[in-house]
Protein chains: 2
Amino acid sequence: MDITTFSALAEPNRLRIVELLLDGPLPVGAIAERLELQQPQASKHLRVLLDAGLVEVQAMANRRNYKLRLDPFQELDAWLKTYRVVWDERFDALENYLQKLKLKEHNTNSNSGGIRNDIQNDN
Amino acid sequence: MDITTFSALAEPNRLRIVELLLDGPLPVGAIAERLELQQPQASKHLRVLLDAGLVEVQAMANRRNYKLRLDPFQELDAWLKTYRVVWDERFDALENYLQKLKLKEHNTNSNSGGIRNDIQNDN
DNA sequence: TAACAATATTCCTTGACAGGAATATTCCAT
DNA sequence: ATGGAATATTCCTGTCAAGGAATATTGTTA
């Protein structure tokens with residue numbers, strides 16, 4: 001997973017720009033106006049987004065038209081996908097564990113509320 | 001979309017921690033060792049992840065066991081989902097456009113390679 | 001070419017953040 | 001209570017990024 005995607009989106013105004021561009025490409029001026037940013041700051045943020053590959057630009061006469069790029073979001077999506085799988089597994093494991101615990105609880109009272117106390121340290 | 005998720009993941013070592021925790025919960029020492037971090041830095045990064053809600057901690061005797069939390073990733077996933085929809089729409093629109101263009105290209109040669117030149121500015 | 005519109009870049013200052021080193025805290029065992 | 005292990009916090013310093021203001025650049029039009 002490319003970290004620059006995260007750092008690009010970690011800035012509030014940049015995230016706002018991205019969400020604005022969701023409605024379609026826009027030139028710098030329109031972005032600055034709608035988000036109430038100074039034009040230079042808008043340009044600077046767009047530069048960062050451009051370098052991060054989140055956005056592409058297309059020159060149209062005087063205007064520079066900024067448009068969302070799909071790739072980084074797809075990468076993000078793929079990254080998340082691996083997490084989803086693991087969660088499903090873990091959720092099942094947790095359910096099993098709680099099931100056993102519930103039964104056990106009727107007898108002893110040791111380790112109440114504990115989860116995964118079988119951690120091993122390979123120092 | 002909560003920005004703190006992005007800023008938390010924007011730091012390389014923190015992203016490594018998250019990916020490490022994918023294999024299951026770990027105490028600070030193990031994390032520091034595997035990622036070759038100083039223990040204090042590991043603690044500090046875990047603090048940030050904790051504040052961002054990416055991780056939860058469970059005290060076990062001397063050890064503090066850190067474990068991934070699902071919520072922020074689910075939120076991220078939901079956020080991405082809205083993007084996917086828009087992309088599909090846009091992709092279709094693009095395909096249509098290219099289709100028309102291809103046919104047109106056989107006759108005239110105007111506007112070759114152009115994409116969406118119908119941008120309008122509502123200033 | 002001159003004036004103008006749209007955008008980009010530079011310089012400056014300030015605040016946030018990461019790592020290193022030292023120290024504090026917490027919990028267990030004896 | 002004392003010592004020690006695991007972890008957290010603090011202080012310090014250097015780096016980096018963001019906003020403001022001014023200016024440079026690029027393209028258009030008369």
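Chain A is the first sequence line, chain B the second, and so forth, proteins listed ahead of strands; every chain is numbered from 1.
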Does A:Arg14 reach the main-chain N or O of A:Ala8 with its side chain, forming a donor-acceptor pair under 3.5 Å?
yes

Under the criterion side-chain contact (heavy atoms from CB on, under 4.5 Å), which of A:Asn65, A:Leu50, A:Leu46 is the partner of A:Val57?
A:Leu50

Does A:Tyr66 have a side-chain nitrogen or oxygen under 4.0 Å from the phosphate oxygens OP1 or OP2 of C:dA8?
yes

Check the phosphate of C:dA8 against A:Arg64, side-chain N and O only, distance under 4.0 Å to OP1 or OP2. Yes or no?
yes

Specify the residue among A:Asn62 and A:Leu37 whose closest nucleotide of DNA chain D lies further upstream toward the 5′ end.
A:Leu37

B:Gln38 CD - D:dA6 C1' separation (whole Å):
15 Å

Could you tell me the separation between the CG atom of B:Asp51 and the P atom of C:dA16, rounded to a whole number of Å?
16 Å

Under 3.5 Å: donor-acceptor pair, side chain of A:Arg16, backbone of A:Leu35
yes

Under 4.0 angstrom between A:Asn65 side-chain N/O and C:dT7 OP1 or OP2
no

Starting at CZ of B:Arg63 and ending at P of D:dT7, how long is that distance when rounded to a whole Å?
6 Å

In whole angstrom, give the distance that lies between atom CG of B:Leu26 and atom P of D:dA6.
15 Å

Minimum-distance nucleotide (side-chain atoms of B:Ala61 versus D:dG19, C:dC28, C:dA21)
C:dC28

Phosphate oxygens OP1/OP2 of D:dA17: is one of them under 4.0 Å from a side-chain N or O of A:His45?
no

In this structure, how many angstroms lie between the C1' atom of C:dT25 and the CD atom of B:Gln39, rounded?
11 Å

Tell me: CE of B:Met60 to P of C:dC28, nearest whole Å?
11 Å

Measure the distance from CZ on A:Phe6 to C1' on D:dA17 and round it to the nearest whole Å.
19 Å

Would you mind reading off the distance between A:Gln41 atom CD and D:dG20 atom P, rounded to a whole angstrom?
5 Å

Check whether any side-chain nitrogen or oxygen of A:Arg47 sits under 4.0 Å from OP1 or OP2 of C:dA8, and answer yes or no.
no

